[in-house]
Amino acid sequence: MGEKRRLALLILLLLCSCAWAANQPGWFAISQLSVQPPVVNVYLDVLDDNGEPPLRLAAAALSAKIQGEAVPVAQVTSFSASGEGVAYVFLVDISKSIGPSQFAQIQQAIHNWIDGLKSADRMAIFTFGEQYKQVAGFTDEKARLKNAVQNLKPTDRKTKLYLALSTAVNLVRGTGEGLPTRRVIVILSDGKDEGSGITAEDVRDLIHLSHVPIYAIGSSRLPASEREKYLQVLNRFATLSGGIYTEAASVQPAYDEIQNAIRRLFVVKLACDGCRPDNQPHLLEMTLTTAGIARTASLSVNLIAPPAKPAAQSPEQTKFSWDQLLTWKILLPLILVIAVILIIVFRSWFGGPPASHKVEHADVIQRSETAVRPEPTPPPPTGRRIQLTVIAGKERGREDFLNLVGKSVIGRDSGCDASFPDDTEMSGRHCELSFAGKYLEIQDLGSTNGTLLNGAQLVARQRLEDGDLVRAGRTEFRINFGGET
C-alpha cells in the first residue's frame, strides 16, 4: 500500500511539474509600439515552452519601466479581443528566382489571406525585382487587391530586396491617417539582394530606428553554399524587427503560420501620464513574471516627460503692489514725456517764431526725417536643412545639403540647387522640393523619364517623409530633413 501511495505521489508531482513548465513563457518579445500620450500601447508576443500562446495574460504578471522609472500597466487585452485591425504591406518578389509553379502558389496564398481580412484591416501590395512598385495602395477592397495580385508574373532578372525592405519600412512608419496602429510587412524571399545600392547594414540600422515588424518566409532555390547564408540574413531582419521568420516547406502553411503569429499578440496599455514623443531613444523594459521566473524584453522608444509646470503663485504674490508698478522701465519713459511737455510749454510762453512759422518749420523737419529714415531691414528668412544622400548612381555616397526656404530644384543643369551634370537620363530641371505649410513636398517638373518616390511613379505633388527615397534619371537619393537652420 505504501508503495502505491508513493507511486501516486510521484505521478502527481510529475503532472504538477509538467503543468508548471507549460505555463512558463518560452518566447517573450515586444513586437511593436504605439505612442498615443498619455497611453503607450505595447504589442507583446508570448509563447509557452510548447510554442503555444497563453489563453490570457494577467496585468499583475507584467511590469514596465521607461528609463528605469516604473510605468503602471493599465490594461492587458488579447489582440483578437481589442477590435484593432492590421495594416499589411505585402512585398511580392517578381524576379525569376521564383519559379512559375511556386509563384502561382504564392498568388493563391495571398488570395486566401485577402479573403480572411477583417473589417478593420487594410492591405497594400508592392512588387520588387529590378524596381520597387506599388500595385495596390492601402485599401479594404478585396476585389481590387485580388486583381492586383492576379496580374503579376515573375519576369525580372534582378531582386532588389534591400531596397524593397527599406522603402516598405519607411512607408509603414510614415503613414498614419485612417490606418490601424498595428502595421506589419509580409515577405517571401530567398534573402539574396541584387543591385539595391544599399547594404544589409543599412537595412538593419533602419530596423533598429523604426522597429516595424517584418514577417518573413524563407524560400530558396539557390545552391546549398548560398542558401543558408542568405536565409540567415532574412532571419536576422525579421528577428531584429520584432517579427518572426519561418521557412516554407510548403507555401500555404507558411502563410498560415505567419498570419496566426501576427494576430496572436497581447495589447498592453501603459499609463504614462506626462509622456510625449521626442527624437531621443528611451529604454522601455517589459517584464513577465510567472511562477517566480521573470523574463524581460526591452526596446528603445521615443518618449520623454514634459517640462515641469511653473508653480502656482500665492495670493500674496499676485497682490497688486506700487513697488512693482514704479520700476525704472515705467518711470524713465514717463520722465521723458514730462520733459518734452515742459519744453513745449516753456517755448510757447517765452517767445520764438510765430505759430504759423513753427508749424511750417515742424512740417519741414518731419518731411526731412521721413525722407532720410532708413527702412527697417527684414530679418533673414529661415529655412530647413535638407540632406540628399546618393545611394545609387554614378555619384553614390555623395551628400548635398540644402537650406530650403522656398523652393529647391534638382536636375542636370548647373544652375539647379542640386546639380547632377553626369546623369544623362536626368532632365535639366527634373524635380522640385518645396513647402506646403509645415510639410515638405516634391513635384516632378515635366521631366523626360519621370520621378520615382519610394519606387512609385510621381504623378502629382506629394508630401515627403524623413528618409524617403527619390529616383531621378539614374540617380537615387535618400532625403533627410531636420529643423530650421
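No experiment lies behind these values; they were computed from the predicted model shown. When reading the values below, keep in mind they use all heavy atoms of this one structure, side chains included, and skip hydrogens, waters and symmetry mates. Numbering starts at 1 and runs along the sequence shown.
With 3.5 Å as the limit, one finds no donor-acceptor pair spanning the side chains of E285 and T296. Side-chain contact, S434 with E441: no donor N or O sits under 3.5 Å from an acceptor N or O.
Other residues, nucleotides and ligands contribute more than 12 heavy atoms inside 6.0 Å of the CZ atom of R461. Atom NZ of K153 is surrounded by 12 or fewer heavy atoms from other residues, nucleotides or ligands within 6.0 Å.
Both cation-pi conditions hold for R398 and F420: the charged atom is under 6.0 angstrom from the six-membered ring centre and inside a 45 degree cone around its axis. A cation-pi contact, defined as under 6.0 Å to the ring centre and within 45° of the axis, is absent between R122 and F138. Remark: R182 qualifies as a cation-pi partner of Y43 under the 6.0 Å distance and 45° angle criteria applied to the six-membered ring.
Between E201 and R204 there is a salt bridge, since at least one side-chain N of the basic residue sits less than 4.0 Å from a carboxylate O of the acidic one. The residues E476 and R471 are annotated as salt-bridged, a charged nitrogen and a carboxylate oxygen being separated by less than 4.0 angstrom. Salt bridge status for R478 with E399: absent, with no side-chain N to carboxylate O gap under 4.0 Å. K160 has no carboxylate O lying under 4.0 Å from a charged side-chain N of D93, or vice versa, which leaves the two without a salt bridge.
Distance check: L165 CG to D202 CG gives 12.0 Å after rounding to the nearest 0.5 Å. Note: I391 CD1 to L163 CG = 6.5 Å, rounded to the nearest 0.5 Å. Atom CZ of F128 and atom OG of S95 lie 7.0 Å apart (nearest 0.5 Å).
The aromatic rings of Y255 and F90 sit parallel, their planes meeting at an angle under 30°, below the 60° perpendicular limit. The aromatic rings of Y132 and F126 lie parallel to each other, with less than 30° between the two planes, well short of the 60° mark.
The side chain to side chain contact (heavy atoms under 4.5 Å, CB included) test with L33 singles out one residue from N41, L270, V42, and that residue is V42.
N170 places no side-chain N or O within donor-acceptor distance of the main-chain N or O of D468, the cut-off being under 3.5 Å.
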